[in-house]
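Everything on this sheet refers to the single structure shown next.
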4 protein chains.
Amino acid sequence: MAAVARTTTDGDGTPVPQRLLAAATRLFAEQGYDRTSVQEIVEAAGVTKGALYHYFGSKDDLLHEVYARVLRLQQERLDAFADGSEPIEQRLRGAAADVVVTTIENLDDASIFFRSMHHLSPEKNKQVRAERRRYHERFRALIEEGQKAGVFSTETPADLVVDYHFGSVHHLSTWYRPDGPLTPQQLADQLADLLLRALRP
Amino acid sequence: MAAVARTTTDGDGTPVPQRLLAAATRLFAEQGYDRTSVQEIVEAAGVTKGALYHYFGSKDDLLHEVYARVLRLQQERLDAFADGSEPIEQRLRGAAADVVVTTIENLDDASIFFRSMHHLSPEKNKQVRAERRRYHERFRALIEEGQKAGVFSTETPADLVVDYHFGSVHHLSTWYRPDGPLTPQQLADQLADLLLRALRP
Amino acid sequence: MAAVARTTTDGDGTPVPQRLLAAATRLFAEQGYDRTSVQEIVEAAGVTKGALYHYFGSKDDLLHEVYARVLRLQQERLDAFADGSEPIEQRLRGAAADVVVTTIENLDDASIFFRSMHHLSPEKNKQVRAERRRYHERFRALIEEGQKAGVFSTETPADLVVDYHFGSVHHLSTWYRPDGPLTPQQLADQLADLLLRALRP
Amino acid sequence: MAAVARTTTDGDGTPVPQRLLAAATRLFAEQGYDRTSVQEIVEAAGVTKGALYHYFGSKDDLLHEVYARVLRLQQERLDAFADGSEPIEQRLRGAAADVVVTTIENLDDASIFFRSMHHLSPEKNKQVRAERRRYHERFRALIEEGQKAGVFSTETPADLVVDYHFGSVHHLSTWYRPDGPLTPQQLADQLADLLLRALRP
DNA sequence: GATGAATGAGTTTTCATTCAT
DNA sequence: TATGAATGAAAACTCATTCAT
């Protein structure tokens with residue numbers, strides 16, 4: 001058919017694997033993993049089933065890729081905030097707000113994340129959980145740093161605070177409305193503020 | 001084969017519909033709605049497919065019943081707290097902690113709730129969302145009452161606070177560990193405390 | 001399992017499982033196991049795929065049933081001959097000829113047997129081999145009985161003789177021609193004669 | 001990428017077609033023709049699919065080559081024995097034993113032969129059968145020569161004797177155990193002996 | 001000579017639901 | 001009330017083969 005350099009792109013010029021991943025992400029978010037058939041994905045991506053299985057070992061693999069991408073992104077951003085030189089309070093506030101903004105910017109990935117994790121094969125599930133844990137621990141370390149410095153209350157254990165905050169963030173795809181009164185950044189600031197206020201000594 | 005003559009119970013004495021509902025709840029929570037076949041449900045309940053379709057119109061109906069049950073329960077408990085005569089601070093703290101405890105006590109229902117909602121048919125989905133909204137609004141009213149009374153900070157809009165708290169609660173099935181260091185009640189108190197501290201003026 | 005009455009028959013009055021088994025046997029023999037699709041089987045049997053999977057767990061199961069049937073049949077016939085009261089020479093000759101006749105009468109089963117065994121799942125393969133071994137051992141016992149009695153030569157180990165004879169018999173489906181000059185019984189007598197002559201002291 | 005310039009070998013120095021044939025033979029014997037994918041073959045041979053289709057027209061072609069090789073080999077060896085100058089009894093015994101030894105030495109080819117013949121396309125199947133017939137006829141001629149000379153019994157038609165012997169030989173891959181008590185040559189001698197004893201007048 | 005991305009028809013299997021009994 | 005045989009549509013995945021490079 002249409003051929004550009006190594007027929008890996010076609011039509012809009014986006015490489016086939018990316019096209020597949022984008023289509024899968026959207027459909028998984030809209031309908032759920034189980035309700036989305038491989039046939040729908042390849043049709044949405046404009047390729048055939050054979051092509052999909054040329055690049056991905058299974059439907060499950062596709063889901064895993066979605067996870068890997070969002071995990072990588074969020075870890076990078078958290079690291080950037082955590083490694084900053086501002087006072088701990090500002091760094092935590094920045095990170096807490098940022099995860100809200102990027103979650104909203106990638107709401108599809110987020111809704112897949114918290115709804116479809118159990119569809120991953122056991123090994124992949126384990127792998128994702130491990131990366132997720134690493135992320136949480138980095139965040140917890142920030143809180144503990146503040147607690148040791150006496151800036152944050154020690155009344156609630158740091159890991160509970162982390163679970164509390166991320167529980168809400170993961171649920172954003174359920175309750176966030178793009179047409180709401182707040183911009184993503186404003187919403188993020190509100191939630192970060194809520195967190196910081198709860199941590200006041 | 002076995003003649004039962006005019007009774008819907010059998011074996012352990014529990015009525016068939018309840019047995020079906022209990023089996024479905026457990027399996028939906030363990031494997032997800034789509035991954036659970038009607039065959040598995042009837043086998044777990046010790047009845048036949050015909051029996052299931054005698055009591056429930058469809059597999060979807062079964063899911064809806066699970067929702068209806070948990071919604072009814074939580075609304076009742078919230079109403080009880082909200083209608084109390086204690087000061088607003090105590091009533092909110094009680095309700096916020098109670099929803100954590102009952103969520104942990106019905107963790108299967110909870111995990112089905114936040115993971116399988118999109119499997120409901122559009123009408124049922126709408127119905128569930130409506131009841132859910134009613135629940136949230138009652139909770140929000142508590143917060144607003146406290147804000148008007150000057151006991152809670154008004155910096156964060158009440159509905160945002162509600163979403164923040166329930167986001168975490170709905171996610172409990174993801175991060176709650178029965179073998180953790182805290183009892184359900186202790187955990188509930190911690191989370192309620194976190195909420196209340198965030199609301200300090 | 002085996003159920004007549006009920007709607008298990010249809011059209012020609014033969015129960016559905018039998019119809020499926022007959023169709024599968026013919027097709028496996030004609031085309032091989034791998035070359036025969038489940039679709040072809042159900043079409044030949046005049047039922048739907050769902051019906052096949054209602055009675056058989058898998059395509060593999062169908063193959064196993066074919067084996068089980070022929071193994072059962074042959075073991076019964078061998079036992080009948082071996083348990084006879086004639087002199088050992090006559091009993092061996094009778095058994096050796098009979099297995100040829102019944103193999104010709106069930107040539108489809110036979111060709112499936114020696115060509116498709118490796119398609120069985122490991123456990124089923126093991127099971128079939130075990131039954132097969134039992135059959136061979138019974139036959140070998142006859143030869144050894146004659147050797148001990150001094151009627152048969154002891155120059156060739158009995159198990160080798162068994163393998164030699166059954167090798168040929170299993171290959172009948174390759175070289176037997178229904179339109180050849182000999183009737184099945186005549187052919188069987190010739191082969192039994194060949195075996196007995198090789199065993200002359 | 002890697003420029004190889006005018007040589008069909010690579011790595012271990014064996015030409016690509018041979019490498020493919022060897023890999024295919026092993027895999028066909030282990031898993032059967034249908035269960036072996038072209039992908040597996042090229043991976044085992046360390047080449048790509050394009051290379052395979054460069055040398056062979058189809059997967060079927062590969063199977064045919066396996067047959068051609070073994071047929072050629074066996075015909076040559078039979079001819080050598082038949083053309084000898086020893087007495088007919090010795091020549092038949094030699095040929096009968098030799099086919100057992102070479103079959104054991106090429107057990108993979110043998111098991112493919114008797115199990116996968118029906119996978120060949122009709123023309124190739126016809127061709128193979130024709131060569132096979134030629135082989136059988138040469139063997140039969142030896143028996144008839146002995147019968148005319150009065151050295152072998154004429155009670156059993158020569159072609160039946162041929163089928164009887166080769167039936168067993170073709171089945172060797174089913175019952176031969178490399179760790180059995182007999183060496184290939186000893187086993188071959190035993191079977192040849194069995195044949196010759198059956199032919200005693 | 002050789003690559004490997006892409007095809008498309010094919011495979012086995014699953015499953016919610018119906019209905020005659 | 002309850003059964004379970006049967007349906008039929010859809011699912012995920014495989015694979016021999018082609019062809020632009």
Side-chain angles (χ1 to χ4, degrees), chain A residues 1-10 15-17 34-42 47-60 62, chain B residues 1-8 10 16 34-42 47-62, chain C residues 3 5-10 15-17 34-42 47-60, chain D residues 1-8 10 16 34-42 47-62:
Chain A
M1 300 261 164
V4 199
R6 293 307 231 146
T7 49
T8 47
T9 78
D10 165 286
V16 169
D34 267 319
R35 302 292 243 237
T36 303
S37 73
V38 168
Q39 190 59 42
E40 284 177 287
I41 297 171
V42 297
V47 301
T48 61
K49 260 191 271 203
L52 186 153
Y53 282 96
H54 184 68
Y55 290 107
F56 300 91
S58 64
K59 188 185 167 188
D60 182 278
L62 224 31
Chain B
M1 293 277 162
V4 216
R6 294 186 48 68
T7 168
T8 51
D10 162 288
V16 169
D34 268 317
R35 306 289 245 239
T36 303
S37 72
V38 167
Q39 189 60 43
E40 283 178 288
I41 298 171
V42 298
V47 302
T48 61
K49 275 202 251 201
L52 186 151
Y53 281 95
H54 182 71
Y55 291 110
F56 299 91
S58 66
K59 187 184 168 189
D60 184 277
D61 250 32
L62 225 29
Chain C
R6 294 301 198 155
T7 46
T8 49
T9 79
D10 158 292
V16 168
D34 267 320
R35 303 291 244 236
T36 303
S37 72
V38 168
Q39 189 59 43
E40 284 177 288
I41 297 170
V42 299
V47 302
T48 60
K49 265 191 267 204
L52 187 154
Y53 282 94
H54 184 67
Y55 291 107
F56 300 92
S58 65
K59 189 184 166 188
D60 182 279
Chain D
M1 288 280 161
V4 214
R6 294 183 50 63
T7 169
T8 51
D10 161 286
V16 169
D34 269 317
R35 307 287 246 237
T36 303
S37 72
V38 168
Q39 190 59 42
E40 282 177 289
I41 297 171
V42 299
V47 303
T48 61
K49 274 201 253 202
L52 186 151
Y53 282 94
H54 183 71
Y55 290 110
F56 300 92
S58 66
K59 187 184 169 190
D60 184 276
D61 251 31
L62 225 31

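The chains referred to below are lettered A, B, ... by the order of the sequence lines, with proteins before strands, and numbering in each begins at 1.
Rounded to an integer number of Å, the gap from D:Glu40 CD to F:dT17 C1' is 17 Å. Put simply, CD1 on D:Ile41 is 11 Å from P on F:dC15, counting in whole angstrom units. With rounding to whole Å, D:Arg35 atom CZ is found 14 Å from F:dC15 atom C1'. Between the CG atom of D:Leu52 and the P atom of E:dG1 there is a distance of 15 Å, rounded to whole Å. Taking atom CD of residue A:Gln39 and atom P of nucleotide F:dA9, one finds them 16 Å apart after rounding to whole Å. Here the C1' atom of nucleotide E:dT14 and the CZ atom of C:Phe56 are 18 Å apart, to the nearest Å.
Place B:Ala51 and D:Lys59 on DNA chain F by their nearest nucleotides, and B:Ala51 ends up nearer the 5' end. When each of B:Gly50 and A:Asp60 is assigned the nucleotide of DNA chain F bearing its nearest heavy atom, the one mapping closer to the 5' terminus is B:Gly50.
Considering only side-chain atoms of A:Val47, the nucleotide from E:dT13, E:dT7, F:dG4 that sits closest is E:dT7. Taking every side-chain heavy atom of A:Thr48 into account, E:dA6 is the closest of E:dT13, E:dA6, E:dA2. In the set F:dA12, E:dT13, F:dA5, the nucleotide with an atom closest to the side chain of A:Val38 is F:dA12. Of the candidates F:dA6, E:dG1, E:dT7, the closest approach to any side-chain atom of D:His54 belongs to E:dG1. The nucleotide whose nearest atom lies closest to any side-chain atom of C:Ser37 is, among E:dT12, F:dT17, E:dC15, E:dT12. Listed nucleotides: E:dA5, E:dA16, F:dT17. Nearest to the side chain of D:Lys49: F:dT17. Of the candidates F:dA6, E:dT17, F:dA10, the closest approach to any side-chain atom of B:Ser58 belongs to E:dT17.
Neither OP1 nor OP2 of F:dT14 sits under 4.0 Å from any side-chain N or O of A:Tyr53.
Here the closest heavy-atom approach between residue D:Arg35 and residue D:Glu40 is recorded as O-OE1, 3.5 Å. The minimum heavy-atom distance between B:Ser58 and B:Tyr53, with the atom names listed, is CA-CE2, 4.1 Å. Pairing each heavy atom of D:Lys59 with each of D:Thr36, the nearest pair is NZ-O, 2.8 Å.
When both distances must be under 3.5 Å, the Watson-Crick or G-U wobble mate of E:dT13 is F:dA10. As the counterpart of E:dA20, F:dT3 is assigned, both hydrogen-bonding distances of the Watson-Crick or G-U wobble pattern falling under 3.5 Å. Shown here, F:dC15 forms a base pair with E:dG8; the pair counts as Watson-Crick or G-U wobble because both key distances fall under 3.5 Å.
Of the candidates D:Asp61, D:Val16, D:Ile41, D:Ile41 is the only one forming a side-chain contact (heavy atoms from CB on, under 4.5 Å) with D:Leu52.
Looking only at side-chain heavy atoms (C-beta outward), B:Val42 and B:Thr48 stay at 4.5 Å or farther from each other.
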